[in-house]
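FYI, the numbering just counts along the sequence from 1. Everything numeric here is computed off the predicted structure, so don't read it as measured data.
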Amino acid sequence: MPDKPRSTSPETTTQARGSVNGPARLIVLTGNKIGTRYTIESAATVGRGSEADIVLDDAEVSRRHARIHRAAIGFLLEDLGSHNGTMVNGVPIEHACLLNFGDKVEIGTQVLLFTHYDRIEQQMLERQRLETLGRLGAGIAHDFNNLLSVVISNLDYLSSVPGDRRLDEGDVIETLDDIRMAAQQAAELTPRLIAIARREKYGQEVINISQVCQDILQLARRTFDRRIVFKHEVDPRLFVRGDSVELNQVFMNLCLNARDAMPDGGTLTLTTRLLSAMDSGRLSLPSPGQHVAVMVSDTGEGIDEETCARIFEPFFSTKEKGSGYGLGLAMVQEIATVHGGRVGVKSRVGKGSRFAVYLPAVPAPEPRKQPSLRPKPIVPKVPTGAAMPVIMLIDDEQAVRRSLRRVLGHAGFQIVEAGDGNEALQIYPRHQPTPQLVIVDLDMPNLSGEETQRLLRELNPDVRVLVLSGHQDPEREQTMRDEGALGFIEKPCQTNDLIEAVHMALNAPTEQEGADSDAPRRMASTASSVPPEA
């Protein structure tokens, strides 16, 4: 017998109702937009078409499928005459029904969670992210001080050696290697911090969760107390769909909690594995199919049953006052839930704890075909007798420009410097010969890298641009590539990688050259389509 359809009558609902005063939120629990959040202030249309406020890419969703709007009694969900209907908690609705926080709305194959949206709670969760960085702070400062000590002491040594010493002598080579090693370790540390710190907007993508865990382990090893021993069993190439910044924060928070549970040292173990559909069903996970399990275990103090029952409550904390906001595990649970998973915990007092995060697994993505900046090794040398290629270098940091000028000049290039986009726009059209390549920083005062590139292209549509940036930003990178940028290099970079990228950019055809090379093919194609004379 089919379930009885839900009606618009308020008496058919439970006592819990959507807040009339505040906004609500829909969170996608399945499909390729899992974890995406939509805030609803007063009304929103859900559908597949461009006229919908919430667009779901699903063939079973109608163009204008359903509408959620605020009424005097709460938020109402109305089916807009869709082909496949709308369900709430597995029950089809006739026309409209009153939504309660916690209801699961099924539209096509998509499942969305209807929940409250509390701006204060959201701000506190953002503050918790800063708390995570603060808890890493002491270890980071310690590690950077060690690395800086290596650099400074070795530079002082090089400054004191006699002027007749050769660079290829044993102790000089060793000194330079130590400086390079310290700089590389610092360069590896910063992107992992940025992954936790950045929160510009939510982004859904297929994530290599194995690589995320490896990165977090490296960061923890370099910043946690040296008395903590790390073990790991990370299965390679496990993928989930979600927000990489949020998942980084989840696993780092669990590792930080494990560290805090072992003030005198112990063993922290991070394990990942792929669970079969049968194992997922046995664990009563919220979505069917295979799941990735990420487990963080410690040999610390453990948690008693009474405390264990409350650890996911917001603002609940067993730590001393001033040691945090008590939002870490509440945030972990929320993020796991909106990613279609859940969190489990096992603990014994005096024996340690194990937290497990279960997330729906997705297939490994197809390799992305991006223009490569690392081909087979290229000899960084200008051909004998050739004119020195002119490169314009735009960066607001003078020390960066000076350093890059040295290495590129040594490789046989003539460098023209500009301190920002405005200065570059003044120099570029007047310089003779016209620079064959422009290397531009992404973040600068006055004009950004994108704006500088656009204005340079107005002066010369065939300008070759190479982007240099201190952080990864895939969206801005793609924007500049779409506008003609020939490569994207992240600071700090190896000298050989930079020179290879410069050679590739100089040898790449401009848009006009590409169009000219296509002309014979277009003409041949046109000619072959003309029928023979009768």
Side-chain angles (χ1 to χ4, degrees), residues 128 131-143 146 189 192-193 196 209-236 238 247-275 279 283 291-313 316-320 322-333 335-336 341-359:
Q128 199 280 330
E131 178 190 328
T132 300
L133 290 173
R135 292 166 70 188
L136 288 169
I140 294 166
H142 175 269
D143 212 54
N146 282 341
L189 192 60
R192 297 187 179 102
L193 293 174
I196 297 172
I209 210 72
S210 305
Q211 187 59 53
V212 169
C213 290
Q214 294 283 11
D215 290 346
I216 286 172
L217 272 173
Q218 289 191 39
L219 181 58
R221 281 194 178 103
R222 300 206 62 81
T223 56
F224 284 14
D225 191 313
R226 297 301 190 263
R227 292 174 295 177
I228 293 178
V229 176
F230 290 89
K231 294 183 178 180
H232 67 277
E233 300 173 17
V234 178
D235 289 356
L238 298 180
L247 293 178
N248 261 283
Q249 194 173 352
V250 163
F251 304 129
M252 181 51 73
N253 264 279
L254 293 178
C255 288
L256 284 165
N257 285 345
R259 179 200 69 177
D260 294 346
M262 301 182 290
D264 299 319
T267 301
L268 189 157
T269 304
L270 195 153
T271 307
T272 69
R273 62 171 55 102
L274 182 65
L275 302 180
D279 288 334
L283 290 168
H291 281 70
V292 172
V294 180
M295 290 161 280
V296 178
S297 307
D298 65 69
T299 57
E301 302 164 345
I303 310 170
D304 60 60
E305 289 186 15
E306 182 180 353
T307 303
C308 209
R310 300 190 59 195
I311 56 175
F312 294 110
E313 295 178 11
F316 175 77
S317 178
T318 59
K319 297 176 182 177
E320 297 178 2
S323 298
Y325 295 98
L327 287 168
L329 290 175
M331 180 213 65
V332 165
Q333 185 184 56
I335 293 174
R342 73 172 180 86
V343 183
V345 58
K346 289 185 178 180
S347 187
R348 290 176 59 191
V349 175
K351 299 293 184 181
S353 304
R354 188 194 75 179
F355 285 84
V357 179
Y358 304 100
L359 300 167

- Message: Run H291 and L359 through side chain to side chain contact (heavy atoms under 4.5 Å, CB included) and show every step you take.
- Response: CA-CA 5 Å; H291 281 70; L359 300 167; 5.6 Å; no
- Could you tell me whether the side chain of D304 and the main chain of T307 form a donor-acceptor pair under 3.5 Å? yes
- Note on the structure: All heavy atoms of L274 vs all of V292, minimum pair found to be CD1-CG2, 4.3 Å
- Message: Would you say that D215 contacts Q211 through its side chain, given a criterion of any heavy-atom pair below 4.5 Å between the two side chains?
- Response: yes
- Between the main-chain N or O of T271 and the side-chain N or O of R273, is there a donor-acceptor pair closer than 3.5 Å? no
- Item | L329 and N253: CA distance, side-chain angles, deciding distance, side chain to side chain contact (heavy atoms under 4.5 Å, CB included) verdict | CA-CA 8 Å; L329 290 175; N253 264 279; over 6 Å; no
- Could you pull out the closest heavy-atom pair between C308 and I303, with the gap in Å? N-CG2, 3.6 Å
- Message: Given 3.5 Å as the limit, does a donor-acceptor pair link the side chain of S353 with the main chain of S347, or not?
- Response: no
- Query: Taking all atoms of both residues into account, what is the closest heavy-atom pair of R259 and L268, and its distance?
  - Reply: N-CD1, 4.4 Å
- Is the side chain of R227 donor-acceptor paired with the backbone N or O of P263 at a distance under 3.5 Å, no angle test? yes
- Examine distances only and state if a side-chain atom of S210 and a backbone atom of L238 form a donor-acceptor pair shorter than 3.5 Å. yes
- Message: For Y358, run the side chain to side chain contact (heavy atoms under 4.5 Å, CB included) check against D279, V294, L283 and tell me which one passes.
- Response: L283
- Note on the structure: When every non-hydrogen atom of V343 is compared with those of Q333, the smallest separation belongs to CG2-CA, 4.0 Å
- Heavy-atom pair with the smallest gap, counting every atom of F224 and C255: CE2-O, 3.5 Å
- Kindly determine whether L254 and V357 satisfy side chain to side chain contact (heavy atoms under 4.5 Å, CB included), including the steps that lead there. CA-CA 10 Å; L254 293 178; V357 179; 3.6 Å; yes
- Item | Nearest heavy-atom neighbours spanning T272 and V234 | OG1-CA, 3.3 Å
- Euclidean distance, K351 NZ relative to E301 CD, rounded to 0.5 Å: 14.5 Å
- Item | Atom CZ of R348 with >12 non-hydrogen neighbours under 6.0 angstrom | no
